[in-house]
Amino acid sequence: MADKPHLFLVDGSSYIFRAYHALPPLTRKSDGLPVGAVAGFCNMLWKLLQEGEKGLSGVDPSHIAVIFDAKGDTFRNEIYDQYKAHRPPAPEDLRPQFGLIKDAVRAFNIPAIEQVGYEADDIIATYVQKALVAGADVTIVGSDKDLMQLVQPGVVMVDTMKNKRISHDEVVEKFGVAPDRVVDVQALAGDSVDNVPGVPGIGIKTAALLINEFGDLESLLAGAETIKQKKRRENLIEFADQARISRELVYLKPDVPLEMEIDDLFRDDLDGPKLVSYLKALNFTTLTRRIAEATETEAENVEACDLNIEGWEPAPKMAAEESSASAEGSEGTARSGGPADLAAKIASEVGALSIDNQKYEMVTELTALERWCSEAKRIGYISVDTETDSLDAMQANLVGVSLATEPGKACYIPLGHTKGDDDMFGGGLAEGQIPLDQALPKLKILLEDPSILKIGQNLKYDALLLSRYDIQLNPFDDTLLLSYVLDAGQHGHGMDELSEFWLGHKPIPFKEIAGTGKKQITFDKVELDKATAYAAEDADVTLRLWQILKPRLASERMTTVYERLERPLMPVLVRMEQRGIAVDRQILSRLSGNFAQGMGALEEEIHELAGKPFNIGSPKQLGDILFGEMGLPGGKKTKTGAWSTSASVLDDLAAEGHELPGRVVAWRQLSKLKSTYTDALPGFINPVTGRVHTSYSLASTTTGRLASSDPNLQNIPIRTEEGRKIRTAFVAESGNKLISADYSQIELRVLAHIADIAQLKQAFADGLDIHAMTASEMFGEPIEGMDPMTRRRAKAINFGIIYGISAFGLANQLGISRTEAKDYIDTYFQRFPGIRTYMEDTKQTARDHGYVETIFGRKIHYPQITSKNPQMRAFMERAAINAPIQGSAADIIRRAMIRMDDALIKAGSSAIMLLQVHDELIFELPEPEVEATLPVIKSVMEEACMPVMQLSVPLKVDAQSADNWDEAH
DNA sequence: CCTGCCCCATA
DNA sequence: GTATGGGGCAGGA
């Protein structure tokens, strides 16, 4: 067996793209040459050669080759000219790397193979065929799903990036059929990324079902008449030829004329100096050192070779500028964001890629708008973006709408642009716009058409705005949410960032057309030409992003999360934001006065104690007074070296008997309450509705929680008596009540379930006081008559566990020594060993996959978890431990919110859901309905996991009604 | 006028 | 120890 030849075929092209997208951009230090993908590729190749039998394939290759796609069209374009027609061109900073990677492969003494007219996959298929005939085994190194059809006895696939081995069973799991039928399934299901048409209405699931029933594609098409489902039968008959063409497109051709025979792929020894010389030229310090060691090459004596980088030149400025050395994990090269990259980015903008802002259409006639609508109807989807004069969707006026139907084909429909040169009385509408009352009905038909998918970026804004124009946007896909579901933790999800990341294109900044600061103008004042270039680009970019992200949903098994947890929440939040909550101005203003009075009194005392007046709100001045003039013992310092004046420091000083620090703490509390809440909130009362409408962000936390802003209603005070008073200003309209319903200990319950801790589960089942029970387990004291201090300690530990406990943090929280805290933690783990196992397992999962998951399958990525910086790594580990707990709890309340409105209507209640505060929901309803509604709300929340999941712990919800939020909570 | 920092409100 | 948003200050534009 040991002598059996084993051929490794590396799918080079797909690796280039994966490496490029998965890794942060790197540039060569000396001149800014982009080399991120080259670095990723070389590391992968080196690892592959090094690990041998310990690797995923379990063998050491005797033969190896890396296969690339050649430039230009292939025979597939002759079969179908639209094949891969939607592919955007490679990003600017990736282009010079193709040649570098091929040269790198040769430097490894490995053949780099490509063949004009064929894709890498076909060449691989051909070699597989030949190898099997020659009696060799094959390992395909790659991730492209098309390659799965080649899996058979003697042939496996390994995906080194996902660390997965793909053999027969994995293929069946993905396609529902054996590898030899994968082409048939793909022929039916099609592929939107490669633009393989398939048969409409048939996806992978249905395709597998049909193929399993009929045996293969031809038998299915022959027997299509017998299919029961009307639409499916018709489509199979009508699109039979399209399916046959699709099959030809996805079928990998195993008879490509090859230039190198299998024997030529014999694995050569590494030529140390040659490889080192190449890596040196790229400035890859770490890899150079490793390989020099392994090949016993004296790296210092090897000259860096010249690189073949034709077609790329350093931008003029950046060679001179000193780019900063990179920190984490890089190869001694500069990270993105450095000046070199900035220049490269600007250069790539000027190169403009395929996005041409001047080619967009400005729609000024109704007939043109109708043309766009019918095009949307024909293709079944359209990308949409609205332009307005305000960031607040509750107050904004519609200024224009942009649409896109395919990359590069986009338009802008100006509707509310004004004559810019006039003063505030305005010169009325600018010329050449379709009157709003004519355009709106057309748009309404388009945007509400159930057969047209509306694609947008952050559609919550557009949906809320349009709803005020009596348009209910539906159905829709949101690229913000797609990106969030797929890449939480990898990067942000704003359009500009996504565009730069995926398209290598920087959209026109809003500032550029509207100006900035005091001179900023609203969009209705922007000239129509500029507005068209800016607005249509947004629709164009969004459409392209959708084409990239949407197919990933299915291939990465995230469709359910997107369709059940993410997309349906958007309309729910639109309704909540639109409703708003009543806030009593009088109460706030009275409180403001009280706080001001308290602050004034304290200020006098403080200045007296300090011996002179100073700005109490300035931490710098306060620090000078305390630790300079008064000579108090300074405690901690901030990271910039200044004395810390945080509440904990001031509390410590107060405990030592100093008077001033305590007064400052009290002053700060009042100052915070006044400026952040009682003074700011009235400014958020909408003049039309008289209520406060917060804005919820669906995609700004990594864990799946919502975030609230403008104003943030998720941090209204509750802990102190003074602060609580602010809650009395959140009121029900007269005749109504507020209901507050909150999950009791949801995160600890989730922890008990996920980590499967018997004692915790039992305690929750029995309805025990969980902190007391923890204390009792740890310190052996009975729950009855327990010292409150003991319970407090246990409570802090329970919270600590959820946050990924550290002795340092617990010590800080409890004001005890680090060793003492360490003892507590040890005791805790002794009593609950399952928790330690959970923590270790979670960290391992994060390291293995780069992400962790919630109970409903939401993924949270932690690419930095392998950081070599111990502080950073420890932080990522704690976050990774916390994320499944916090995230699962977030998923649960999301499910409750998604179902709530329907459940209330069905129960005949007119209660409306107004706010969410992570584990709490606030409703408003007519007083007489309270009694009947409370149990509805409770049961929707408590049964939110059902029916797809049954927690092994009961969920408990406390709900009460009152006239204001303080009393209801 | 913008940005980073410090501090602090919530779950 | 986790996750956020926001106000005021101070320094550099």
Side-chain angles (χ1 to χ4, degrees), chain A residues 488-489 511 515-520 614-623 636-650 664-665 667-681 684 694-697 700-720 722-724 726-727 742-748 751 796-814 818 821 825 839 860 862 871 874-887 889-890 893 915-920 969:
Chain A
K511 283 189 239 165
T516 173
K518 220 175 105 185
K519 286 190 302 195
Q520 187 165 60
F614 69 100
N615 185 347
I616 307 169
S618 163
K620 189 174 175 296
Q621 292 184 32
L622 177 63
K636 292 180 290 184
K637 355 81 223 121
T638 68
K639 66 176 170 185
T640 46
W643 291 116
S644 169
T645 63
S646 67
S648 72
V649 170
L650 300 184
V664 172
V665 171
W667 181 91
R668 275 202 186 147
Q669 197 208 351
L670 295 178
S671 161
K672 173 82 175 177
L673 295 175
K674 182 167 185 293
S675 66
T676 309
Y677 302 105
T678 56
D679 286 354
L681 276 172
F684 286 100
T694 184
S695 174
Y696 286 105
S697 160
S700 64
T701 72
T702 46
T703 52
R705 275 193 177 179
L706 301 178
S708 155
S709 64
D710 309 299
N712 181 355
L713 295 187
Q714 290 182 323
N715 71 346
I716 302 302
I718 190 166
R719 287 174 204 202
T720 66
E722 290 294 285
R724 268 189 98 106
I726 292 165
R727 293 198 166 214
D742 67 298
Y743 284 106
S744 155
Q745 308 285 7
I746 188 166
E747 294 194 342
L748 277 175
L751 173 67
I797 293 170
N798 276 334
F799 274 101
I801 295 296
I802 291 171
Y803 298 153
I805 203 150
S806 78
F808 181 84
L810 185 64
N812 257 349
Q813 181 65 33
L814 286 177
R818 196 115 47 110
I825 296 170
M839 290 183 160
I860 302 115
Y862 291 99
Q871 294 241 327
F875 179 77
M876 290 300 154
E877 287 175 352
R878 289 193 298 270
I881 288 168
N882 172 256
I885 305 168
Q886 190 185 110
I893 197 166
L915 302 178
Q916 188 250 42
V917 192
H918 308 308
D919 64 359
E920 175 188 13
H969 188 83

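Because only heavy atoms are used, hydrogens play no part in the values below, and waters and symmetry mates are left out as well, while side chains stay in. Within every chain, numbering begins at 1; the chains are lettered A, B, ... in the order of the sequence lines, protein sequences first and strands thereafter.
Within the 4.0 angstrom heavy-atom criterion, only backbone atoms of the sugar-phosphate kind lie near Ile718(A); the bases stay farther away. Among the atoms of the strands shown, none is found under 4.0 Å from any heavy atom of Ser671(A). Residue Thr516(A) is in sugar-phosphate contact alone, with no base atom involved, counting any heavy-atom pair closer than 4.0 Å across all strands shown. Residue Ala874(A) is out of contact with every strand shown, counting any heavy-atom pair closer than 4.0 Å. Among the atoms of the strands shown, only primed sugar atoms or phosphate atoms (P, OP1, OP2) are found under 4.0 Å from some heavy atom of Ile716(A). Within the nucleic acid shown, Gly800(A) comes within 4.0 Å of at least one base atom, counting heavy atoms only. Gln621(A) comes within contact range of the sugar-phosphate backbone alone, with a heavy-atom separation under 4.0 Å but no base atom that close. Residue-level contact check: Ser806(A) touches the bases, meaning some heavy atom is under 4.0 Å from a base atom. The residue Arg878(A) sits close only to the backbone: its heavy atoms come under 4.0 Å of sugar-phosphate atoms, none of a base. When heavy atoms are screened at a 4.0 angstrom cut-off, Ala796(A) is found touching base atoms of the nucleic acid. Nucleic acid contact class of Asn715(A) (heavy atoms, under 4.0 Å, all strands): base. As judged by a 4.0 angstrom heavy-atom cut-off over every strand, Ile802(A) is placed among residues making no nucleic acid contact.
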Any chance you could lay out the side chain to side chain contact (heavy atoms under 4.5 Å, CB included) test for Leu706(A) and Gln714(A), step after step, and finish with the verdict?
-> CA-CA 9 Å; Leu706(A) 301 178; Gln714(A) 290 182 323; 4.3 Å; yes
Determine, step by step, whether Glu920(A) and His918(A) satisfy the side chain to side chain contact (heavy atoms under 4.5 Å, CB included) criterion, reporting the C-alpha distance in whole Å, the side-chain angles of both residues, the deciding distance to 0.1 Å, and the verdict.
-> CA-CA 6 Å; Glu920(A) 175 188 13; His918(A) 308 308; over 6 Å; no
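Comparing dC6(B), dG5(C), dT10(B) by their nearest atom to the side chain of Pro619(A) picks out dC6(B). Of all nucleotides listed (dA11(B), dC1(B), dT4(C)), dT4(C) comes nearest to the side chain of Ala707(A). For Thr702(A), counting side-chain heavy atoms from C-beta on, the closest listed nucleotide (dT2(C), dA10(C), dT4(C)) is dT4(C). When distances are taken from the side chain of Asn615(A) to each of dC7(B), dT2(C), dC9(C), the shortest belongs to dC9(C). Distances from the side chain of Ser646(A) to the nucleotides dC7(B), dA11(B), dA3(C) place dC7(B) closest. For Arg668(A), taking side-chain heavy atoms from C-beta onward, the closest of the listed nucleotides dC8(B), dG5(C), dC6(B) is dC8(B). Residue Thr676(A) has its side chain nearest to dG7(C) when only dG7(C), dC1(B), dC8(B) are considered. Of the candidate nucleotides dA11(B), dG6(C), dA9(B), dA9(B) has the atom nearest to the side chain of Pro717(A).
Taking the side chain as every heavy atom from C-beta outward, Ile616(A) and Phe614(A) approach each other to under 4.5 Å. The shortest side-chain heavy-atom distance between Lys672(A) and Pro717(A) does not fall under the 4.5 Å cut-off. Taking 4.5 Å as the limit, every side-chain heavy atom of His969(A) sits out of range of all side-chain heavy atoms of Val917(A).
A donor N or O paired with an acceptor N or O is not found under 3.5 Å between the base of dA9(B) and the side-chain atoms of Arg719(A). For dT2(C), its base sits under 3.5 Å from the side chain of Gln886(A) at one donor and acceptor pair at least. Interface remark: the Lys620(A) side chain does not form any donor-acceptor pair with the dC9(C) base, using a distance-only criterion of under 3.5 Å.
An OP1 or OP2 oxygen of dG8(C) is reached within less than 4.0 angstrom by no side-chain nitrogen or oxygen of Ser618(A). The shortest distance between the side-chain N/O atoms of Ser700(A) and the OP1/OP2 oxygens of dT4(C) is not below 4.0 Å.
Asn712(A) has its CG atom 6 Å from the P atom of dG6(C), to the nearest Å. As rounded to whole Å, 13 Å separates atom C1' of dC9(C) from atom CG of Leu622(A). Nucleotide dT4(C) holds its P atom 14 Å from the CD atom of Gln916(A), rounded to whole Å. Rounded to whole Å, atom P of dC9(C) lies 13 Å from atom NZ of Lys672(A). The separation between Asp710(A) atom CG and dA9(B) atom P is 20 Å, rounded to whole Å. For Tyr803(A) and dT4(C), the OH to C1' distance is 12 Å, given to the nearest whole Å. For Arg705(A) and dG5(C), the CZ to C1' distance is 13 Å, given to the nearest whole Å. Taking atom CG of residue Leu673(A) and atom P of nucleotide dG7(C), one finds them 14 Å apart after rounding to whole Å.
Between the side chain of Thr694(A) and the backbone N or O of Ser709(A), at least one donor-acceptor pair lies under 3.5 Å. Under the 3.5 Å distance criterion, the side-chain polar atoms of Ser675(A) are matched with a main-chain donor or acceptor of Ser671(A).
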